[in-house]
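Hydrogens, waters and symmetry mates play no part in the numbers below; they use all other heavy atoms, side chains included.
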Amino acid sequence: MDTLPVKPRILVVEDDPGYQRLLEIYLRRLGCVCDCCNDGKKALQCVELNQYDILLVDIHIPELDGFMVACRLREMGYTMPLIAVSALKLEGIERKAVAVGFDDFLQKPIEEAQLERLLVHYTAKHPAVS
C-alpha cells in the first residue's frame, strides 16, 4: 500500500468523545497531526485559524450539522477534501453528503485500514499544506 505524505494535518469534527478519541488514535498511528472539535461552529473557527489537509466531519453534530459545515466551507472557497462520517443509515445520506460538498462518505463503525486507504487516496490528490 502507498504511504501517507509527511504528517498530514487532519481536523476531526465529532461530538461523541469516545469516537473522537478512537479516530484520533487511528490518525496518530497513521502518522497524522490531528486536531479535534465537537461542533460545527468550532469546526468553522478551526478552519479559519489553521490549514488542514483533510476534514473528517460527523453529520450529526451540535450547533451546525455536518451538511451545513460542508456548505459553508465550500461557499467560503474551501477546496481541501471533506469526508462525511455518520452512523446514520438513512437512504440517500451519501448522495446528500456529496451534493452539499463532501468528497467522500464513511459509515461508522470505521476501521483503521479503511481510514488509511481513504487518507492515502486524498493526500495523493492534494499535496500536504502543513
Side-chain angles (χ1 to χ4, degrees):
M1 176 173 287
D2 294 328
T3 58
L4 292 173
V6 178
K7 294 198 181 275
R9 188 163 186 188
I10 312 295
L11 176 63
V12 173
V13 186
E14 170 63 62
D15 64 323
D16 179 305
Y19 216 80
Q20 185 185 90
R21 181 72 182 130
L22 177 66
L23 289 174
E24 186 178 9
I25 289 168
Y26 285 172
L27 291 166
R28 291 189 191 285
R29 278 201 304 227
L30 292 169
C32 300
V33 174
C34 182
D35 292 339
C36 298
C37 66
N38 59 9
D39 72 54
K41 285 186 178 179
K42 288 179 186 163
L44 295 177
Q45 291 170 350
C46 286
V47 171
E48 286 179 14
L49 298 173
N50 303 287
Q51 290 187 324
Y52 294 101
D53 299 305
I54 297 176
L55 272 64
L56 297 174
V57 183
D58 189 22
I59 295 295
H60 189 68
I61 51 175
E63 300 298 328
L64 296 173
D65 70 16
F67 295 128
M68 285 303 301
V69 170
C71 282
R72 294 222 178 137
L73 287 171
R74 294 308 189 204
E75 286 170 359
M76 294 166 34
Y78 191 78
T79 60
M80 298 308 286
L82 301 176
I83 311 302
V85 177
S86 185
L88 301 173
K89 294 188 179 193
L90 303 173
E91 186 175 328
I93 193 169
E94 290 182 47
R95 283 191 310 275
K96 182 175 180 182
V98 170
V100 299
F102 283 103
D103 295 285
D104 217 321
F105 183 89
L106 285 175
Q107 184 73 50
K108 291 178 185 177
I110 299 168
E111 296 178 9
E112 188 171 354
Q114 177 187 26
L115 186 58
E116 181 179 21
R117 282 190 299 275
L118 185 126
L119 293 175
V120 167
H121 173 76
Y122 283 103
T123 54
K125 283 181 142 182
H126 298 268
V129 295
S130 24

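- Annotation: salt bridge (Lys or Arg N to Asp or Glu O under 4.0 Å) contacts involving residues 64-86, sequence neighbours excluded, comprise R74-D103.
- In this structure, I10 and Y52 have side chains that are not in contact, with every pair of non-hydrogen atoms separated by 4.5 Å or more.
- Residues D16 and D58 have side chains not in contact (no heavy-atom distance under 4.5 Å, counting atoms from C-beta outward).
- In this structure, the separation between CG on L11 and SG on C36 is 7.5 Å, given to the nearest 0.5 Å.
- Contact annotation: the side chain of V57 never approaches that of V12 to less than 4.5 Å [non-hydrogen atoms, C-beta and beyond].
- Sorted by first and then second residue, the salt bridge (Lys or Arg N to Asp or Glu O under 4.0 Å) pairs involving residues 41-52 (not counting sequence neighbours) are D39-K42, K41-E63.
- The side-chain heavy atoms of I93 and S86, taken from C-beta on, include a pair separated by under 4.5 Å.
- Residue pairs meeting the salt bridge (Lys or Arg N to Asp or Glu O under 4.0 Å) criterion with at least one partner in residues 23-36, sequence neighbours excluded, are R9-D35, R21-E24, E24-R28, R29-E112.
- Listed here is the closest heavy atom pair of G40 and I61: N-CD1, 3.7 Å.
- With sequence neighbours excluded, no residue forms a side-chain contact (heavy atoms from CB on, under 4.5 Å) with L49.
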Trace of the side chain to side chain contact (heavy atoms under 4.5 Å, CB included) decision for V85 with K108: CA-CA 7 Å; V85 177; K108 291 178 185 177; 3.5 Å; yes

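- Residues Y122 and I83 form a side-chain contact, since some pair of their non-hydrogen atoms from C-beta on lies under 4.5 Å apart.
- Under the side-chain contact (heavy atoms from CB on, under 4.5 Å) criterion, A70 pairs with L82, V100, F102, not counting sequence neighbours.
- With sequence neighbours excluded, the residues forming a side-chain contact (heavy atoms from CB on, under 4.5 Å) with E94 are F105, listed by chain and number.
- Counting heavy atoms from C-beta outward, V13 and V69 have side chains that stay 4.5 Å or more apart.
- Counting all heavy atoms, side chain and backbone alike, L119 lies closest to L30 at CD1-CD1, 3.9 Å.
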